[in-house]
Protein chains: 2
Amino acid sequence: MTAADGAPAGRGRGRRPGGPDTRGQILAAARHSFAGKGFGATTIRAVAADAGVDPALVHHYFGSKDDLFLAALEIPVDPRRLVPQVFEAGLDGAGERLLRLFLSVWEDPHARLPLLALVRSSLGREGDESLLRQGILRMILEPIRSALPTDEADHRMQLVISQMSGLVVTRYLLVLEPLASMPREDLVAWVAPTLQRYLDAPLPRERGVASSAGPGASG
Amino acid sequence: MTAADGAPAGRGRGRRPGGPDTRGQILAAARHSFAGKGFGATTIRAVAADAGVDPALVHHYFGSKDDLFLAALEIPVDPRRLVPQVFEAGLDGAGERLLRLFLSVWEDPHARLPLLALVRSSLGREGDESLLRQGILRMILEPIRSALPTDEADHRMQLVISQMSGLVVTRYLLVLEPLASMPREDLVAWVAPTLQRYLDAPLPRERGVASSAGPGASG
DNA sequence: GTCTATAGACGGATAGAC
DNA sequence: GTCTATCCGTCTATAGAC
């Protein structure tokens with residue numbers, strides 16, 4: 001939203017005589033570093049070097065390192081608007097629609113870098129100050145939960161999140177092959193049923209009373 | 001297995017007199033910090049303060065910060081021995097057995113802290129130097145893969161990993177409630193069928209050729 | 001607008017006294 | 001074996017020259 005693009009992508013080498021999109025260059029470099037190394041391991045100096053400018057310029061444009069981080073987090077999608085649409089048509093097929101939304105967002109480079117920056121940085125630290133907790137997670141969790149009918153909404157929602165966050169880790173963060181390169185349709189075919197089951201499958205058993213395995217698991 | 005155990009667990013113990021378990025104190029504090037804050041955010045000084053000793057002592061016992069980290073990673077289980085056992089009895093019910101093994105390891109405090117340290121620190125950095133990649137992941141991935149019959153072993157294995165790593169993130173790293181407190185049996189009832197499906201369900205479709213959704217997903 | 005110079009803080013690591 | 005004192009490096013951030 002700020003100045004994510006407008007620059008011809010990539011990091012142009014050489015010196016820009018007048019005053020081109022220096023701010024955009026810095027922001028792009030910052031996103032790249034935050035996404036790849038997290039907040040702590042990212043240095044203003046490295047960002048500046050990567051953008052081909054002086055470290056002081058970074059402060060000049062963005063203020064503190066925290067401000068730069070926040071600027072780099074501008075995400076071009078709003079989960080609070082998109083997620084409810086998934087459930088508008090009912091619970092039937094919602095697993096697949098949710099997964100498709102999830103994939104379309106993460107496959108978009110403009111969205112992936114800020115998201116990676118957020119995830120990578122948040123996973124590095126513990127506790128309640130986590131941005132991931134208060135930010136995106138709430139923006140995604142709440143819409144899903146409010147769309148679920150049963151009193152088991154919390155469990156179902158978080159099971160869905162567990163599978164999706166697992167995809168984030170393996171496919172986008174660790175880039176495990178061949179899963180990272182698996183075509184979208186294949187992934188949908190494999191994983192959508194899982195999400196759908198978490199969303200609307202009957203409870204395996206009254207929770208808290210079973211002392212042996214639930215019936216859902218064979219053997 | 002340097003000196004991971006031998007000490008009577010908890011960090012409150014130890015004789016004070018001549019040569020108490022100072023080394024153990026330091027190691028426990030280090031594990032705690034690495035598990036909670038990752039490698040970068042952990043400082044020798046903080047570890048020393050937490051253990052109630054001088055920073056120089058840390059270096060005296062463990063050398064560099066890297067050495068301390070490696071010492072803190074001693075994990076009291078060996079996946080290369082345990083995972084194959086899961087598949088010895090055949091693929092039937094392997095999903096549940098694998099999940100139970102996974103849970104029993106992560107619910108053990110002696111194992112959870114080093115594992116968290118490893119995961120948290122590895123997720124903070126990108127690229128091939130990741131310890132998670134070369135270490136535990138390989139130790140777990142390989143045994144699973146070698147136990148699978150089909151030529152789709154890679155995909156199946158990584159889908160399994162995606163769900164399990166999602167549990168790591170939501171249950172043990174972010175500690176999302178109520179999932180983090182969900183009884184083990186409930187979790188097995190919910191998630192084991194997912195793993196089992198990834199392990200032995202027929203292929204949703206020949207991969208790479210489908211241009212619309214696979215049959216596994218409704219809608 | 002862009003860069004030089006530097007202040008100020010923090011953390012890893014070492015030498016050596018007790 | 002344990003602690004004091006200190007060196008050295010890196011980083012954020014600012015002030016000010018061109």
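Below, all heavy atoms of this structure are taken into account, side chains as well, without hydrogens, waters or symmetry copies. Numbered from 1 within each chain, the chains take letters A, B, ... in sequence-line order.
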Going through the checks in order, is the salt bridge (Lys or Arg N to Asp or Glu O under 4.0 Å) test met by R97(A) and E88(A)? CA-CA 11 Å; R97(A) 291 196 300 276; E88(A) 263 174 15; over 6 Å; no
Hits for salt bridge (Lys or Arg N to Asp or Glu O under 4.0 Å) against E142(A), two or more places apart or cross-chain, chain-then-number order -> R145(A)
Ion pair present between E177(B) and R171(B), side-chain N to carboxylate O less than 4.0 angstrom? no
Rounded to whole Å, the CG-C1' distance (D54(B) to dT6(D)) equals 13 Å
Would you say a side-chain N or O of Y61(A) is under 4.0 Å from OP1 or OP2 of dG1(C)? no
* Asked: Are the side chain of S181(B) and the backbone N or O of P178(B) linked by a donor-acceptor pair below 3.5 Å?
  -> no
From NE2 of H60(A) across to P of dA5(C) the rounded distance in Å is 20 Å
Does atom CZ of R80(B) have more than 12 heavy-atom neighbours, drawn from other residues, nucleotides or ligands, at distances under 6.0 Å? no
Under a 4.0 Å heavy-atom criterion, the protein footprint on nucleotides 11-18 of chain C, written with B, S and -, is BBBB----
Do the side-chain N and O atoms of T170(B) and Q158(A) include a donor-acceptor pair separated by under 3.5 angstrom?
-> no
Phosphate OP1/OP2 of dG1(D) contacted by T22(B) side-chain N/O (<4.0 Å)
no
